[in-house]
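Values below: all heavy atoms of this structure, side chains included; hydrogens, waters and symmetry mates excluded. Chain naming here is simple, since letters A, B, ... match the order of the sequence lines and numbering starts at 1 in each.
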2 protein chains.
Amino acid sequence: MPVQAKKRPREQGVSKTRIQQINQARILDAAEEVFAHNGFRGAVLERIAERAGISKANLLYYFKSKKILYEAVLQHTVETWLVPLEALDAADEPAAAFERYIRIKIEHSRIHPLASKVWANELIHGAPHIGQYLKRRLKPLIDEKARIIEGWIKQGKMAPVDPYHLFFIIWAATQTYADFGNQAAIVKGKAQLTKQDFEDAADTVTTIILKGTGMI
Amino acid sequence: MPVQAKKRPREQGVSKTRIQQINQARILDAAEEVFAHNGFRGAVLERIAERAGISKANLLYYFKSKKILYEAVLQHTVETWLVPLEALDAADEPAAAFERYIRIKIEHSRIHPLASKVWANELIHGAPHIGQYLKRRLKPLIDEKARIIEGWIKQGKMAPVDPYHLFFIIWAATQTYADFGNQAAIVKGKAQLTKQDFEDAADTVTTIILKGTGMI
DNA sequence: CGCATTTTTGACCAAAAGGTCAAAAATTGG
DNA sequence: CCAATTTTTGACCTTTTGGTCAAAAATGCG
């Protein structure tokens, strides 16, 4: 009989068992939470398995190593991170386009703070696991969107602003409500930010960015 | 002879030996770097000691535990973080005050990115070591500064903006160049941000904030 | 039902890492 | 120069934790 890779859930992109679907999704969810709260080194597989309701050995059956699991979480995170950005369209009016983008990002911070934290953590530590991917995927996308902004500027639809720095500021201002939501809550004297806080945040950020760049 | 605490560098705030001064400073520097790059759990004492040019046992002689060392680094970080904020004065013109604040914060991001990263890391993970301190020290300070901003708004010197969110946005936009400088560099297609990048950042952030809040 | 495949897990292992300790080395003060 | 104090460190201990493995349990299928 041929020496073949047996065991281990399907290596190739072949269809997944129902059990695999459920368990992998559960593990990914649990991992996101534990990685978000403790970082890569701080995350403990035993704890992730516990959260997912399975044994550590079983977890390792689905994801061969901690690193592989972490990268799976990151991958998922990045993809959802990029979605709203791709929607920026040259045919839009800049004010409407950016308002939408900002509101979606802040809503994302509210709904998925853990994903944002995992992402932030990876970046703070120098993007050791995903730097290459960013170069190949994020950079070209931003370059493309920067050109759209330059087009808007040329058409006099907004003030001349460095498109790259504009993105950095928007990312920072919107994600801060997920990554550093704790600090914001402390400063506001509450245990957690409320939905109202996020709405106020969206209003404030939107106004400052639109007015600050002459879109309105 | 009385049972006394001997050994261990002076417990009380008593004067420090020259050797203590040098070694503690070296350790703190090394620790800042290692904690910034690896987070609390990820940081390895052996590595910090190595960077400081001493043995691990000697490091433990100066700081009794990893936690105590980490908190010492955090303490130092927070204090420098608060300094520029305290300078915000009601007697200033808002435009000048905020421009100065923003430029100082971005310069700080450029010069001390490691301190910013340690800080960011602590906040992302929920400020487990320094949350209480923030409640007692940061919150009152921000409350005070928020009142100054409200005064400026009442005097018609700037548009009505939620002062808290304004701070969150400024912190985010300025610190992003330290915490996520890697991402910014990747997007800009370079290995590291240059001094020019930071100057452009300061200009862009300043313009957007001042125009966005009607200060200019 | 009975055999093959997939899933699950308890028992282990080895490496990493925080922390202790006693003794040596260096420094200081008289 | 000598004794007391401070500083430094190698050796060691213990706990934690990522990962392995063989065997059992569950599932799927003809």
Does a side-chain N or O from A/Q20 land closer than 4.0 Å to OP1 or OP2 of C/dT6, or not? no
Would one find a side-chain N or O of B/R47 under 4.0 angstrom from OP1 or OP2 of C/dA17? no
Do the charged groups of A/R103 and A/E107 touch, with an N to O distance under 4.0 Å? no
Categorize B/A49 for me: base, sugar-phosphate, or nothing, with a 4.0 angstrom heavy-atom threshold over every strand shown. nothing
When rounded to whole Å, the NZ to C1' distance for the pair B/K56 and D/dA11 reads 11 Å
Stretch residues 65-74 of chain A: residues that reach within less than 4.0 Å of DNA chain D through a heavy atom: A/S65, A/K66
Is there a side-chain polar atom (N or O) of B/N58 under 4.0 Å from OP1 or OP2 of D/dT7? no
Name the closest nucleotide to the B/I19 side chain, picking from C/dT7, C/dG10, D/dT8. D/dT8
Hey, can you tell me if B/F35 and B/F40 have their rings parallel, tilted or perpendicular (30° and 60° cut-offs)? parallel
Separation of B/Y61 atom OH from C/dC21 atom P, in whole Å? 16 Å
Could you check whether any side-chain N or O of A/K135 sits under 3.5 Å from a backbone N or O of B/I186, counting only pairs where one atom can act as donor and the other as acceptor? no
Rounded to whole Å, the CD1-C1' distance (B/I48 to C/dG19) equals 14 Å
Answer yes or no: is there a donor N or O on one side and an acceptor on the other, between the side chain of B/T204 and the main chain of A/H165, under 3.5 Å? no
Interatomic distance where CD belongs to B/E46 and C1' belongs to D/dA11 [whole Å]: 13 Å
Name the nucleic acid region contacted by B/R18, choosing base, sugar-phosphate or nothing; use a 4.0 angstrom heavy-atom cut-off, strictly under. nothing
A/Q192 CD: over 12 foreign heavy atoms closer than 6.0 Å: no
In whole Å, I'd like the distance from the CD1 atom of A/I22 to the P atom of C/dT7. 11 Å
d(CG, B/N23; P, D/dT6) in whole Å: 15 Å
Hey, could you give me the CG/CD distance between B/L88 and B/E144, rounded to the nearest 0.5 Å? 9.5 Å
Less than 4.0 Å between a side-chain N and a carboxylate O, is that true for B/D143 and B/R147? no
Side chain of A/A57 (C-beta onward), nearest among C/dG19, D/dT7, D/dC21: D/dC21
Given D/dT16, C/dG18, C/dT7, which nucleotide is nearest the side-chain atoms of B/R41? D/dT16
Looking at C/dG19, does its base get a donor-acceptor pair with the side chain of B/K64 below 3.5 Å? no
Nucleotide of C/dG18, D/dT27, D/dG18 approaching B/L45 most closely (side-chain heavy atoms): C/dG18
To the nearest angstrom, the CD1-C1' distance between A/I54 and D/dA25 comes to 16 Å
To the nearest Å, give me how far apart CZ (A/F63) and C1' (C/dT7) are. 15 Å
Under a 4.0 Å N-O cut-off, is there an ion pair linking A/K66 with A/E46? no
